[in-house]
Novice: 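Can you read through this structure? Questions will come right after.
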Amino acid sequence: VWSHDRQEGYLTLRNLPQLRNQQLQLWIFDAERDERYPVDGGVFDATAGEVVIPIRAAVPVRRAALFALTVEPVGGVVVSARERIVWTAKPG
């Protein structure tokens with residue numbers, strides 16, 4: 001769920017991959033920005049079962065086109081190499 005007006009949302013995930021010394025990072029691809037630089041939506045740890053993750057965009061998102069999760073080093077990265085994309089979804 002993403003609210004353009006509030007610039008925030010929530011992501012419900014199940015059965016996340018178990019990670020060691022890594023975290024998941026959410027990216028928001030903005031149709032009005034260069035796709036090489038998606039907006040950071042937050043970094044979080046993978047947990048078993050179902051988890052609800054708050055989405056907080058680091059900068060304003062004009063038109064969310066795609067959400068993606070990548071596996072990154074602890075603390076996340078400024079620009080992802082996108083070597084390990086584990087999930088994508090279009091806003092609905």
Side-chain angles (χ1 to χ4, degrees):
V1 177
W2 172 255
S3 170
H4 174 75
D5 293 337
R6 295 174 66 178
Q7 290 290 295
E8 65 181 36
Y10 296 91
L11 175 66
T12 302
L13 298 167
R14 291 177 196 88
N15 303 319
L16 294 171
Q18 295 301 306
L19 302 174
R20 184 176 218 175
N21 300 319
Q22 296 175 313
Q23 289 184 298
L24 293 171
Q25 187 162 3
L26 176 66
W27 300 97
I28 307 165
F29 288 81
D30 187 335
E32 296 187 19
R33 292 182 185 271
D34 187 328
E35 69 180 30
R36 294 176 296 173
Y37 307 107
V39 175
D40 178 10
V43 179
F44 58 95
D45 292 314
T47 60
E50 183 174 287
V51 62
V52 177
I53 306 296
I55 303 170
R56 304 272 192 277
V59 297
V61 175
R62 294 181 195 104
R63 192 162 46 109
L66 183 75
F67 294 88
L69 284 180
T70 59
V71 177
E72 304 293 354
V74 173
V77 296
V78 175
V79 178
S80 176
R82 300 184 207 165
E83 294 171 344
R84 291 186 62 194
I85 297 173
V86 295
W87 173 88
T88 61
K90 293 186 177 184

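None of these values were measured; they are calculated from a predicted model. The basis for the numbers below is simple: all heavy atoms, side chains too, and nothing from hydrogens, waters or symmetry mates.
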Novice: Tell me whether Leu11 is reachable from Leu19 by hopping between hydrophobic residues (I, L, V, M, F, W, Y) whose side-chain heavy atoms are closer than 4.5 Å.
Specialist: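 Yes; tracing contacts between hydrophobic side chains, which count when under 4.5 Å, links both residues.
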
Novice: Do Tyr37 and Val78 share a hydrophobic cluster, counting only Ile, Leu, Val, Met, Phe, Trp and Tyr and linking them when any side-chain heavy atoms are less than 4.5 Å apart?
Specialist: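 Tyr37 and Val78: one cluster.
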
Novice: Quick one: closest heavy-atom pair of Leu16 and Leu24, and the distance?
Specialist: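 Of all heavy-atom pairs spanning Leu16 and Leu24, the closest is CD2-CD1, 3.9 Å.
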
Novice: Is the backbone of Arg63 close enough, under 3.5 Å, to the side chain of Asp30 for a donor and an acceptor to pair up by distance?
Specialist: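 A pair under 3.5 Å: yes.
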
Novice: Is there a path of hydrophobic side-chain contacts, each under 4.5 Å between heavy atoms of I/L/V/M/F/W/Y residues, joining Val39 to Leu69?
Specialist: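 Linked, Leu69 and Val39 end up in one cluster.
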
Novice: Minimum heavy-atom separation for Val52 and Pro54, please, with both atom names.
Specialist: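 That closest heavy-atom pairing would be O-CD, 3.8 Å.
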
Novice: Considering non-hydrogen atoms only, spot the tightest contact between Ala65 and Pro91 and give its length.
Specialist: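 Where Ala65 meets Pro91 most closely, the heavy atoms are O-CD, 3.3 Å.
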
Novice: Does a sphere of radius 6.0 Å around CD in Gln18 hold more than 12 heavy atoms from other residues, nucleotides or ligands, not counting ones at 6.0 Å or beyond?
Specialist: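 Atom CD in Gln18 is packed in, count exceeds 12.
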
Novice: Search all heavy atoms of Leu26 against all heavy atoms of Phe67 and return the closest pair with its distance.
Specialist: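 Scanning both residues completely, I find the closest heavy atoms to be CD1-CB, 4.3 Å.
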
Novice: Is there a side-chain contact between Asp40 and Trp27 (heavy atoms, below 4.5 Å)?
Specialist: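 Answer yes - side chains close enough.
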
Novice: Do you know which two heavy atoms are closest between Gln7 and Val59, and how far apart they sit?
Specialist: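 Closest approach of Gln7 to Val59, heavy atoms only: OE1-O, 4.2 Å.
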
Novice: Kindly state each residue pair satisfying side chain to side chain donor-acceptor pair (under 3.5 Å) with at least one member in residues 79-92, sequence neighbours excluded.
Specialist: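 The answer is Gln22-Arg84, Glu72-Ser80.
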
Novice: Check the pair Thr70, Val86 against side chain to side chain contact (heavy atoms under 4.5 Å, CB included), reporting the backbone distance first and the verdict last.
Specialist: CA-CA 6 Å; Thr70 59; Val86 295; over 6 Å; no

Novice: Measuring only between side-chain heavy atoms, which start at C-beta, is Trp2 closer than 4.5 Å to Ile28?
Specialist: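 Yes; the side chains approach each other to less than 4.5 Å.
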
Novice: Are Leu13 and Glu50 side-chain neighbours, meaning at least one heavy-atom pair lies under 4.5 Å?
Specialist: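 SC-SC contact between Leu13 and Glu50 ruled out.
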
Novice: Please give me the minimum heavy-atom distance between Ala64 and Val61, naming the atom from each residue.
Specialist: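 So the two residues come closest at N-CG1, 3.7 Å.
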
